[in-house]
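The structure appears right after this line, and notes come after that.
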Amino acid sequence: MITPKKDTPAFSFDECLGCLDITTPKEFSFTEALTHLSRSSLECMHYIENGKVFKLIEIDGDQILIEISEKESATIQVRFVDGKSRNDAVCEKITGYVTEWFDLQTDLVPFYRMAKNDFLLSKLAKDFYGLRIVGIPDLFEALCWAVMGQQVNLRFAYTLKKRFVESFGQQVQWNGRQYWSFPKPSDISAISVDELRKLQFTSKKAEYILGIAKLMGSGELSKESLMLLNDFKAAEQKLLSIRGIGPWTAHYVLMRCLRDATAFPIGDAGLQNALKQLLDRAQKPALEEIRQLFDPWKGWEAYAVFYLWRSLGSPSTKSSSTKK
DNA sequence: TTCCAGGACATTT
DNA sequence: AAATGTCATGGA
C-alpha cells in the first residue's frame, strides 16, 4: 500500500476568531505557493487577493469557504470566511486538506541536500527556496485538468477548465464574488460529448473526460483504490489502462494528486523548454539526454520537474530566447 | 503565414 | 514497430 506521510502538522483552533493556524516546515515558502497559484488570470478554482488565497473546499459534504494567509514565519492561518466556528474533527480535516494541497508533509531537506551542489538544481533550489509541489487533491479534477492540458497552450486549457467548472460545478457567492467547486464524476458521467463540444472541447477530450467520469462514478477508479495498490508503478499501470491517459497524463497525476516524488513526465514540453533555456541550447534536449540529466535526481524527479517548470516563469532565468 | 503548444490515439508505412 | 495524421484553438 502506498502510505502517505501522516505527520500532520500541529494546529490550534481559536473558536472566537473562527481561525485555524497551521505550522509550516522551515523549508516552505507561502509566497512561492502563491506565485504558482497566480499563474493564470483564468483560474477558477481559487481566488487570490492581497496575499490571501480564497478557496471553496468540501468537508463531509459541506462547502466551506476558507481564506489562507501567512501569519508569521512558519505559520499560515486558515480563516473561515463565514465566521462560524468548526469542531475539532472538521478542523483536523481542513488542516489535512491544506497540508496536502501545499505539500507540507514532505521533508525537503534531502532534496535540498542533493540539489545544493548540482549544476542545474542549485540555482533553482536557491531562487525558489521553499517551493513545494502544489497539489490537486481531487483525483477527478487532476485527471480532467491533465486531459484539458493535453496538447494545447496553457491559457486555452484554463479557458476549457473555466467553462467546464462554470457549466457543471457548484458555486457559492460571497461578497459579490463566485467561488466554485469542481464538478463531481456523477455530474459529468451522464452528459453527452456534444455538451462538452459546445465548450470547445475536442471530441476526443470530451470522450476521455466522460470515460473517466464513468469509471469514477461507478467506483471502478478512485484515489483511495489507487493508493491501496502496492506501489506507484501499479497506480501508473492502472491509469495507463484508461483511454485518454498516456504517459504524460499518468505521471502528471501521480505528481500532482498521488504525490509520487518519482513521477517524471519526461515528454513534457514545458520541461524540455526549461532545460533548453537553462542549458542555453538552440534546441530542446533529446529524451535520452533528459533521462541522463535526471539520473542524479533519482527519487526527486517530480520536484526537479516542478522547479524546472517554475524556472520558465522566472524573470531571473529568462533570457532572450529565440524560437525553436 | 506558419509553427507548435505542459499528448493521445488511430492510421499508415 | 515506427513514422505520420488528427484533433481545435491561440499565441508568437
Side-chain angles (χ1 to χ4, degrees), chain A residues 35-43 45 124 128 131 133-136 141-164 167 193-213 215 221 236-258 260 263-279 281-288 290-291 293-294 301-314 317-324:
Chain A
T35 300
H36 177 85
L37 292 172
S38 306
R39 278 172 308 165
S40 173
S41 56
L42 293 170
E43 177 59 67
M45 295 308 297
L124 300 183
F128 312 127
L131 172 67
I133 297 178
V134 177
I136 306 174
E141 180 182 344
L143 286 166
C144 289
W145 173 235
V147 169
M148 291 174 198
Q150 289 170 3
Q151 183 58 20
V152 288
N153 61 72
L154 204 48
R155 185 180 169 84
F156 184 56
Y158 274 107
T159 301
L160 288 178
K161 181 168 84 164
K162 188 170 161 67
R163 290 178 185 157
F164 185 75
S167 298
V193 166
D194 277 354
E195 286 192 71
L196 292 180
R197 291 279 298 124
K198 282 183 207 154
L199 308 183
Q200 287 183 289
F201 283 70
T202 63
S203 301
K204 281 189 176 174
K205 279 190 170 62
E207 288 168 17
Y208 299 163
I209 285 175
L210 291 184
I212 290 164
L215 280 176
L221 174 69
E236 179 189 352
Q237 292 309 314
K238 172 68 182 174
L239 289 171
L240 287 174
S241 74
I242 297 165
R243 185 172 142 79
I245 301 181
W248 179 84
T249 304
H251 281 264
Y252 186 87
V253 168
L254 283 167
M255 169 178 162
R256 302 287 307 274
C257 184
L258 301 182
D260 174 8
F264 184 18
I266 186 170
D268 181 85
L271 167 63
Q272 296 173 6
N273 284 328
L275 288 171
K276 174 189 161 196
Q277 196 171 88
L278 290 169
L279 298 170
R281 297 284 178 78
Q283 285 165 9
K284 294 192 277 193
L287 291 187
E288 190 44 46
I290 297 179
R291 227 182 293 280
L293 285 167
F294 270 70
E301 290 87 342
Y303 286 84
V305 168
F306 208 70
Y307 274 71
L308 287 164
W309 280 344
R310 175 67 179 83
S311 75
L312 280 173
S314 161
T317 53
K318 200 171 281 178
S319 61
S320 55
S321 60
T322 48
K323 56 194 294 187
K324 205 161 185 200

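Convention: sequence-line order gives letters A, B, ...; per-chain numbering from 1.
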**OP:** Provide, to the nearest angstrom, the distance between the CZ atom belonging to A/Phe156 and the C1' atom belonging to B/dG6.
**Re:** 15 Å

Subject >> A/Phe201 CZ - C/dC7 C1' separation (whole Å) >> reply: 14 Å

Original post:
Using a cut-off of less than 4.0 Å, is there contact between a side-chain N or O of A/Thr249 and OP1 or OP2 of B/dG6?
Top reply: no

Original post:
Atom CD of A/Gln150 and atom P of B/dA10: how far apart are they, to the nearest Å?
Top reply: 13 Å

Subject >> Atom-to-atom span, CE of A/Met148 to P of C/dG10 - whole angstrom >> reply: 16 Å

**OP:** Check the distance between B/dA8's C1' and A/Ile245's CD1 and give it to me in whole angstrom.
**Re:** 11 Å

Original post:
On a whole-Å scale, what distance lies between the C1' atoms belonging to B/dA5 and C/dA2?
Top reply: 24 Å

Original post:
With nearest nucleotides of DNA chain B determined for A/Asn273 and A/Ile242 from heavy-atom distances, which residue corresponds to the more 5′ nucleotide?
Top reply: A/Asn273

Subject >> CA sep, side-chain torsions, deciding dist, call: A/Tyr158, A/Ser41, side chain to side chain contact (heavy atoms under 4.5 Å, CB included) >> reply: CA-CA 9 Å; A/Tyr158 274 107; A/Ser41 56; over 6 Å; no

**OP:** Supply the atom-to-atom distance A/Leu240 CG to A/His251 NE2, rounded to the nearest 0.5 angstrom.
**Re:** 7.0 Å

**OP:** Under the side chain to side chain contact (heavy atoms under 4.5 Å, CB included) rule, what do A/Leu275 and A/Arg281 come out as? Steps first, then yes or no, please.
**Re:** CA-CA 8 Å; A/Leu275 288 171; A/Arg281 297 284 178 78; over 6 Å; no

**OP:** Could you check whether A/Tyr208 gets within reach of a base, just the sugar-phosphate, or nothing at all, counting any heavy atom under 4.0 Å?
**Re:** sugar-phosphate

Subject >> B/dG6 versus C/dG5 - spacing of their P atoms, nearest Å >> reply: 23 Å

Original post:
Separation of A/Tyr158 atom OH from B/dG6 atom C1', in whole Å?
Top reply: 10 Å

Original post:
A/Tyr252 or A/Lys204: which one's nearest nucleotide on DNA chain B is closer to the 5' end?
Top reply: A/Tyr252

Original post:
Quick one: which of B/dG6, B/dC9, C/dA8 gets closest to the side chain of A/Arg256?
Top reply: B/dG6

**OP:** In whole angstrom, give the distance that lies between atom CH2 of A/Trp309 and atom C1' of B/dG6.
**Re:** 6 Å

Subject >> Residue-phosphate contact under 4.0 Å: A/Gln200 side-chain N/O, C/dA8 OP1/OP2 >> reply: no

**OP:** Determine the Euclidean distance between corresponding P atoms of C/dA8 and B/dT11; express it in Å to zero decimal places.
**Re:** 15 Å

**OP:** Tell me what A/Pro247 touches on the nucleic acid: a base, only sugar-phosphate, or nothing, going by heavy atoms under 4.0 Å.
**Re:** sugar-phosphate

Subject >> N or O in side chain of A/Arg163 less than 4.0 angstrom from C/dT9 OP1/OP2 >> reply: no

Original post:
Counting only side-chain N and O atoms of A/Thr202, is one of them less than 4.0 Å from OP1 or OP2 of C/dC7?
Top reply: no

Original post:
Within this structure, what is the CD-to-P distance between A/Glu207 and B/dG7, rounded to whole angstrom?
Top reply: 19 Å

**OP:** Begin with the C-alpha distance, continue with both residues' side-chain angles, and end with the deciding distance and a verdict on salt bridge (charged side-chain N to carboxylate O under 4.0 Å, His left out) for A/Glu288 and A/Arg291.
**Re:** CA-CA 5 Å; A/Glu288 190 44 46; A/Arg291 227 182 293 280; 3.3 Å; yes

**OP:** Check whether any side-chain heavy atom of A/Arg310 lies under 4.5 Å from a side-chain heavy atom of A/Thr35, and answer yes or no.
**Re:** yes

Subject >> Heavy-atom pair with the smallest gap, counting every atom of A/Leu221 and A/Ile242 >> reply: CD2-CD1, 3.6 Å

Original post:
Between the base of B/dG6 and the side chain of A/Arg155, is there a donor-acceptor distance below 3.5 Å?
Top reply: no

